[in-house]
> 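Below are the structure tokens for one structure; questions will follow.
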Protein chains: 2
Amino acid sequence: MTTADETRQRLLDAAGPLFAEQGLKATTVRVICDRADMNLAAINYHFRDKKQLYHEAVRHAAHCCDARVPIPDWPAGTPPERKLRDFVAMFLNRVAVDHEPAWHAQLLMRELTHPTPACAEFVRDFVRPCFEALSGVLRELLPDVPELKRRLVAFSIVGQCLHYRVARPVIEHLVGAGEFRNYGVDLLAGHITEFSLAAIDRLAARSHRKGPS
Amino acid sequence: MTTADETRQRLLDAAGPLFAEQGLKATTVRVICDRADMNLAAINYHFRDKKQLYHEAVRHAAHCCDARVPIPDWPAGTPPERKLRDFVAMFLNRVAVDHEPAWHAQLLMRELTHPTPACAEFVRDFVRPCFEALSGVLRELLPDVPELKRRLVAFSIVGQCLHYRVARPVIEHLVGAGEFRNYGVDLLAGHITEFSLAAIDRLAARSHRKGPS
DNA sequence: AAATAGAACAAACATTTGTTTGAAACAAAC
DNA sequence: GTTTGTTTCAAACAAATGTTTGTTCTATTT
């Protein structure tokens, strides 16, 4: 039965942007159904209730995000500097830049900053694999650095990337919408990679001077 | 009349944590008044309506944040590296670490990520002065770097700091609440300053090699 | 063609929500 | 002690909200 799945999709596509912008509680089922051109009872029929629809929207967003911008799988021998650049570009493509539909990344950011019960699954299936990939690259770049320090480096990198999504409205307000339009993925990825590699190089040099443990 | 101001404060203190955690729409006036041990009509009497109370809560949070952790005013001749370290520590103290009451920083972060009509004032009085202070320091550290590039460096720095507030729930989930407790202001400020100064040094060297414009 | 199961729909339901109202309590000024 | 202006309070109001219900429509099966 394809019609039921289509309806579910229509509801998800209508609810997604609203959930992403206003959150679960502030979004009403009436507005969702209006936008989806569906009857008011559709949500309770096709999903159990509003909460369940929200949960499925998060799952759907994570799945699409993952499928569209997969975590790179590098051939053996790829230099770790190259891997870092790829990772940053991938990460920016996931969260910072607006693909259509834009609500996927927005809803995931909401889950990051204001977790709901859907967050545990979101971290397990979406955040952690991403974080592990970066940790692997950093283990290559900073083999002799303690685990705690390496984590801080990882957070420095994802923090730089996420900032352009998380604080986007304020950044636009700050530098003007005109300049913000120049912040494409290539520019940002180039800057963040360069910035981070410089710092990593110095850390590596220092830890090497102190000697590998 | 001190009693009216006290009542306003009681309402603000009760509403603040709720607004910070759930946002304007998801927080009900009944819960606020319950927590403040006040009559249901108190909000509409002392503030015009719920929106106004929210707006005042943001204003109050920004004011307290500013007063408790002021932007440093360095004596002439302070080395810019030292200024950067001070700025990072100040910024982390403002947003990353929990002072009591914790809702001040949380509510401001909500305004950052999900702006309301209160945002314009928030950016003008709170965000921009902070950003200008950092820009000044960076002009000293990177005098020969184009404005755009310097802005990206600024965002890299505040992005690193903000990440520990914005993504705190997920970071805790990721590294465990035990390790997260180690992330004190000193540790984070040290790391972020070191990380950023390394990158800045390389940028300065490169721009100097190309020659000042 | 009749029967059946899945989907859509309008209407209604019980709560919840922000706000208003008019009276009561209170404190200060005359 | 009365008056005046301010603050508190219980009750009520209208609008909005998530969910349920019983019916109608539709397409597939028998």
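Naming convention: chains lettered A, B, ... in sequence-line order (proteins, then strands); numbering from 1 in each chain. These figures come from a predicted structure and were not determined experimentally.
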> Would you say a side-chain N or O of His46(A) is under 4.0 Å from OP1 or OP2 of dA8(C)?
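So the side-chain polar atoms of His46(A) do come within 4.0 Å of the phosphate oxygens OP1 or OP2 of dA8(C), strictly under.
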
> When you look at Leu112(B) and Met109(B), which way does the side-chain contact (heavy atoms from CB on, under 4.5 Å) test go after all the steps?
CA-CA 5 Å; Leu112(B) 187 84; Met109(B) 283 312 99; 3.9 Å; yes

> Establish, from distance only, whether the side-chain atoms of Gln160(A) and His163(B) form a donor-acceptor pair under 3.5 Å.
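No, His163(B) and Gln160(A) have no side-chain donor paired with an acceptor closer than 3.5 Å.
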
> Within residues 32-41 of chain B, which residues have any heavy atom lying less than 4.0 Å from an atom of DNA chain C?
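Residues of residues 32-41 of chain B that come under 4.0 Å of DNA chain C are, in numerical order, Leu40(B), Ala41(B).
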
> Take atom CZ of Arg30(A) and atom P of dC9(C), then tell me their distance rounded to the nearest Å.
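Value for this atom pair: 16 Å.
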
> Between Asp86(B) and Arg82(B), does any side-chain N to carboxylate O distance fall below 4.0 Å?
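Salt bridge between Asp86(B) and Arg82(B), a charged N being under 4.0 Å from a carboxylate O: yes.
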
> Measure the distance from CD on Gln22(B) to P on dT16(C) and round it to the nearest whole Å.
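Rounding to the nearest Å, CD of Gln22(B) and P of dT16(C) are 16 Å apart.
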
> Might you work through the side-chain contact (heavy atoms from CB on, under 4.5 Å) test for His114(B) and Glu21(A), ending with a clear yes or no?
CA-CA 8 Å; His114(B) 299 101; Glu21(A) 203 140 322; over 6 Å; no

> Roughly, in whole Å, what's the span from NZ in Lys25(B) to C1' in dT19(C)?
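These atoms are roughly 16 Å apart.
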
> Do the side chains of Asp125(B) and Arg59(B) get close enough for a salt bridge, i.e. N-O under 4.0 angstrom?
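No, no charged N to carboxylate O under 4.0 Å.
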
> Between dT8(D) and Thr7(B), is there an OP1 or OP2 to side-chain N/O distance shorter than 4.0 Å?
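Answer yes for this pair, as a side-chain N or O of Thr7(B) is under 4.0 Å from OP1 or OP2.
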
> Mind calculating the distance between CD1 (Ile43(A)) and P (dC9(C)) to the nearest angstrom?
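Between P of dC9(C) and CD1 of Ile43(A): 13 Å.
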
> To the nearest Å, how far apart are Asn44(A) CG and dA12(C) C1'?
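Roughly 14 Å, once rounded to whole Å.
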
> Could you please spell out the steps behind the ring-ring contact (aromatic ring centres under 6.0 Å, His included) verdict for Phe155(B) and Phe131(B)?
CA-CA 9 Å; Phe155(B) 290 137; Phe131(B) 190 72; 5.3 Å; yes

> What are the residues of residues 47-54 of chain A, sorted by number, that bring a heavy atom to within less than 4.0 Å of DNA chain D?
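Listed by number, they are Asp49(A), Lys50(A).
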
> Please determine, for dT6(D), whether a Watson-Crick or G-U wobble partner exists with both distances under 3.5 Å, and give it or none.
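Its partner is dA25(C) (Watson-Crick or G-U wobble, both distances under 3.5 Å).
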
> To the nearest Å, give me how far apart CZ (Arg8(B)) and P (dT7(D)) are.
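Rounded to whole Å, this separation is 11 Å.
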
> Could you tell me the separation between the CG atom of Leu11(A) and the C1' atom of dA8(C), rounded to a whole number of Å?
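Those two atoms, CG and C1', are 12 Å apart.
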
> Before you tell me yes or no, could you show the steps for Tyr183(B) and Arg151(A) under side-chain contact (heavy atoms from CB on, under 4.5 Å), namely the whole-Å CA-CA distance, both residues' side-chain angles and the distance that decides it to 0.1 Å?
CA-CA 11 Å; Tyr183(B) 296 177; Arg151(A) 288 223 184 101; 4.1 Å; yes

> Identify which one of Arg48(B), Lys50(B), Arg8(B) satisfies the salt bridge (Lys or Arg N to Asp or Glu O under 4.0 Å) criterion when paired with Glu56(B).
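Checked Arg48(B), Lys50(B), Arg8(B) against Glu56(B); only one passes salt bridge (Lys or Arg N to Asp or Glu O under 4.0 Å): Arg8(B).
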
> Would you indicate which nucleotide in dA12(D), dG6(C), dT8(D) comes nearest to any side-chain atom of Tyr45(A)?
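Selected nucleotide (nearest to the side chain): dG6(C).
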
> Please determine whether side-chain contact (heavy atoms from CB on, under 4.5 Å) holds for the pair Phe19(B) and Val58(B), giving the CA-CA distance in whole Å, both sets of side-chain angles, and the decisive distance to 0.1 Å.
CA-CA 9 Å; Phe19(B) 282 151; Val58(B) 172; over 6 Å; no

> Could you give the CG-to-C1' distance, from Asp5(B) to dT7(D), as a whole number of Å?
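So the CG-C1' distance, Asp5(B) to dT7(D), works out to 13 Å.
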
